[in-house]
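Written below as structure tokens is the structure these notes are about.
Both ligands and their constituent atoms are indexed starting at 1 by order of listing. Being a predicted model, the structure only gives us computed values, none of them experimental. Heads up: numbering here begins at 1 and tracks the sequence.
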Amino acid sequence: MSETIFSKILRGEIPCHKVYEDELVFAFLDIGPLSRGHTLVIPKEPAATVDALSDDSAAAIGRVLPRLCRAVKAATGTEQYNVLVNNGPLAHQAVFHVHFHIIPKPDESAGLGVDWPTKPIDHADAKQLAAAIAAHAQAG
Ligand code: 5GP
């Protein structure tokens, strides 16, 4: 994977407002927050997208993410929040090193705004699709 701005942050070559670090995980405040307390949680492993993460990094993030959500809630006094991961440029990823956004949602005007254009499910397609996803998930 190519070098990103987050590799430089991990190496301490670019400053950040660090909030957490362990052997496999690092977290810091987003430089362009959608709301106060907007935090990025990243693996030290330089994977570009979630599907490329090792089991160890994924487990380490999963273990600490709820704790960091509680910490952001407590420090900002904001009860509601979004956890978001963008994977790929079409999905609005700009930095190609996995990062989980924790974005407090204090009110309608701050935090993440989501367009959610739902459509009715096609049950015939869904049956095949669920089977295909299940088979791939089983295979790893
Ligand atoms: P993405 O669109 O890839 O999911 O989000 C990338 C995030 O990284 C953006 O919210 C952006 O503000 C943040 N970001 C980009 N460069 C830096 C930086 O140098 N320092 C920090 N703290 N955040 C950054």
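Nearest heavy atom pair, residue Gly37 against residue Thr39, reads O-OG1, 2.7 Å. Contact record, Ala52 with Glu45: O-OE2, 4.3 Å, taken as the closest heavy-atom pair. The shortest heavy-atom contact between Ile42 and Ile61 is C-CD1, 4.2 Å.
Contacts of Lys18 classified as side-chain hydrogen bond (donor to acceptor under 3.5 Å, both in side chains), with partners at least two apart in sequence or in another chain: Glu21.
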Please report, to 0.1 Å, the donor-acceptor pairs under 3.5 Å made by any side chain of residues 74-81, with sequence neighbours excluded.
residue, atom, partner, partner atom, Å
Thr76, OG1, Val72, O, 2.7
Thr76, OG1, Thr78, N, 3.2
Thr76, OG1, Thr78, OG1, 3.4
Glu79, OE1, Lys73, NZ, 3.4

Atom pairs and distances, donor-acceptor, side-chain atoms in residues 99-110, under 3.5 Å, two or more places apart:
residue, atom, partner, partner atom, Å
His99, ND1, His97, O, 2.6
His101, ND1, His38, NE2, 2.8
Lys105, NZ, Ala110, O, 3.0
Lys105, NZ, Leu112, O, 3.0
Asp107, OD1, Ser109, N, 2.9
Asp107, OD1, Ser109, OG, 2.7
Asp107, OD1, Ala110, N, 3.0

Just the distances, no angles: every ligand 1 N or O to protein N or O pair closer than 3.5 Å, one line each.
residue, atom, partner, partner atom, Å
ligand 1, 2 (O), His92, O, 2.7
ligand 1, 2 (O), Ala94, N, 3.4
ligand 1, 3 (O), Ala94, N, 2.6
ligand 1, 3 (O), Val95, N, 3.0
ligand 1, 3 (O), His99, NE2, 2.8
ligand 1, 4 (O), Asn86, ND2, 2.9
ligand 1, 4 (O), His99, NE2, 2.7
ligand 1, 4 (O), His101, NE2, 2.8
ligand 1, 5 (O), His99, NE2, 3.1
ligand 1, 5 (O), His101, NE2, 3.4
ligand 1, 10 (O), Asp30, OD1, 3.2
ligand 1, 10 (O), Asp30, OD2, 2.5
ligand 1, 12 (O), Asp30, OD1, 2.5
ligand 1, 22 (N), Leu29, O, 2.9
ligand 1, 22 (N), Ile31, N, 3.3
ligand 1, 23 (N), Ile31, N, 3.2

